[in-house]
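Hydrogens, waters and symmetry mates are skipped; everything else that's a heavy atom, side chains included, is used.
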Amino acid sequence: MRNVTLVLEDGTKFQGKSFGYDSPVAGEVVFNTAMMGYPESLTDPSYAGQLMVLTYPLVGNYGVPPFTVEPDGIATFMESDKIYASAIIVADYSEQYSHWNAVESLADWLKREHVPGVTGIDTRELTKVLREHGVMMGKIIFDDEPDNIPSADYEGVNFVDQVSCKQIIRYNEGAGKKVVLVDCGVKNNIIRCLVRRGVEVIRVPWNYDYTAMDFDGLFLANGPGDPDMCEDAVAVIRKQMNISTKPICGICMGNQLLAKAGGAKIYKLKYGHRSHNQPVRLVGTEHCYVTSQNHGYAVDGATLGNDWEELFINMNDGSNEGIRHKTNPWFSSQFHPEACSGPVDTEFMFDKFVDALK
């Protein structure tokens, strides 16, 4: 393993060793406190442009499942078509793996997809730095190539445009109700959850004008980066809300875009929510749910228009976790009801949406 150095934008350095693809890389350094689920997280398009730090110390012990594809074109075990995270940083990489469904090691997978991996870093200390300072840009530099310094931008980059589909894709064609899914970087399990509920899914690019299409409901997917870079998507959502009261549901980025279409503002969280254990409360009740999350921006609930109200709030920091319209069937969640990986306590959000189509 080659020696590498992770250099944060404030000058803080961490020494480690490369176990993935040997190439310098730069990106926004973020941490995830989940105890498992690295195949799903790495293939989540919402991690585009980011160096993903896993706080759970032992990573790689259950290997990587096969990258098989179902007849409908959706990967069986992954959340997209490839690894989208720019790199993975762990404390202790397990070279030996054991799992009934594993076909290769995490290291082999990273090398095959040209994604760097770093081990031997004190990820708990790194997380403390990020919690204190907030997310920062960082660079992974190989010690034997000190002059090969990578560069990257995160602020001002439209990552949604990079990861969204470029053409219309249909799933479960000919089934019951039709749902237009706006692909901002959608995870496969969102599509799986909709298809399992017997609807036809029409997946369109993030900035596609679907308002003249024949459909029964609109679904706004998750995605990476700054929602303020997606004004084209917001304009189409607002156009749809002006001409129809058809049901609308959003997840993660979809929550933020729906809120923006309703007039609310977005702000960047200090270090984001990326884990499987985020507690949220259904507003107006004592009901709390444990949720899976992956986002760096949030809706400013105080800026919601008079026709809107908060649906969920985060029990750790009070930030917005979902909104709903007071009269129309438009609602969303900042967390991931489909999880994958993580708890599925809130998968009822899909039931609520599909029921509204009838």
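- Within a 6.0 Å radius of CG in Asn148, other residues, nucleotides and ligands contribute more than 12 heavy atoms.
- Heavy atoms of other residues, nucleotides or ligands lying less than 6.0 angstrom from CG of Asp153 number 12 at most.
- Relative orientation of the Phe312 and Phe348 rings is tilted, given thresholds of 30° and 60° on the angle between their planes.
- When hydrophobic side chains of Ile, Leu, Val, Met, Phe, Trp and Tyr are connected at separations under 4.5 Å, Val7 ends up clustered with Ile141, Ile149.
- Between Glu338 and Lys187, at least one side-chain nitrogen of the basic residue sits less than 4.0 Å from a carboxylate oxygen of the acidic one, meeting the salt-bridge criterion.
- Aromatic pair Tyr84/Tyr47: ring centres not closer than 6.0 Å.
- Distance check: Met229 CE to Asp226 CG gives 7.0 Å after rounding to the nearest 0.5 Å.
- Look at Arg170 and Glu200 and you find a salt bridge, because one of the NZ, NE, NH1 or NH2 atoms lies within 4.0 Å of a carboxylate O, short of that distance.
- Crowding of Lys352 atom NZ: a count of heavy atoms from other residues, nucleotides or ligands under 6.0 Å exceeding 12.
- Other residues, nucleotides and ligands place no more than 12 heavy atoms under 6.0 Å from the CE atom of Met35.
- Pro39 has its side chain out of reach of Phe77: every pair of non-hydrogen atoms, C-beta onward, lies at least 4.5 Å apart.
- At most 12 non-hydrogen atoms from other residues, nucleotides or ligands lie less than 6.0 angstrom from CD of Glu95.
- Around the NZ atom of Lys13, the shell of radius 6.0 Å holds no more than 12 heavy atoms that belong to other residues, nucleotides or ligands.
- Tested against Val160, the residues Pro227, Pro224, Ser46 include a single side chain to side chain contact (heavy atoms under 4.5 Å, CB included) partner, Pro224.
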side-chain contact (heavy atoms from CB on, under 4.5 Å) between Val90 and Val118: does it pass, once the steps are laid out?
-> CA-CA 6 Å; Val90 305; Val118 178; over 6 Å; no
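- Ring to ring, Phe31 and Tyr56 are not that close: their centroids are 6.0 angstrom or more apart.
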Which pairs would a plain distance check flag for residues 249-263, meaning a side-chain donor or acceptor within less than 3.5 Å of a matching protein atom at least two apart in sequence or in another chain?
residue: Asn255; atom: OD1; partner: Ser332; partner atom: OG; Å: 2.6
residue: Asn255; atom: ND2; partner: Asn320; partner atom: OD1; Å: 3.3
residue: Asn255; atom: ND2; partner: Gln334; partner atom: OE1; Å: 2.9
residue: Gln256; atom: NE2; partner: Tyr297; partner atom: O; Å: 2.9
residue: Gln256; atom: NE2; partner: Gln334; partner atom: OE1; Å: 3.2
residue: Lys260; atom: NZ; partner: Asp228; partner atom: OD1; Å: 2.7
residue: Lys260; atom: NZ; partner: Glu231; partner atom: OE2; Å: 2.9

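- A centroid separation of less than 6.0 Å is found between the aromatic rings of Tyr38 and Tyr62.
- For Lys270, the NZ atom sits in a packed shell: over 12 heavy atoms of surrounding residues, nucleotides or ligands are nearer than 6.0 Å.
- Phe335 and Tyr289 have their aromatic ring centers separated by at least 6.0 angstrom.
- Ionic pairing of Lys178 and Glu173 is not present here: no N-O contact between side-chain nitrogen and carboxylate oxygen is shorter than 4.0 angstrom.
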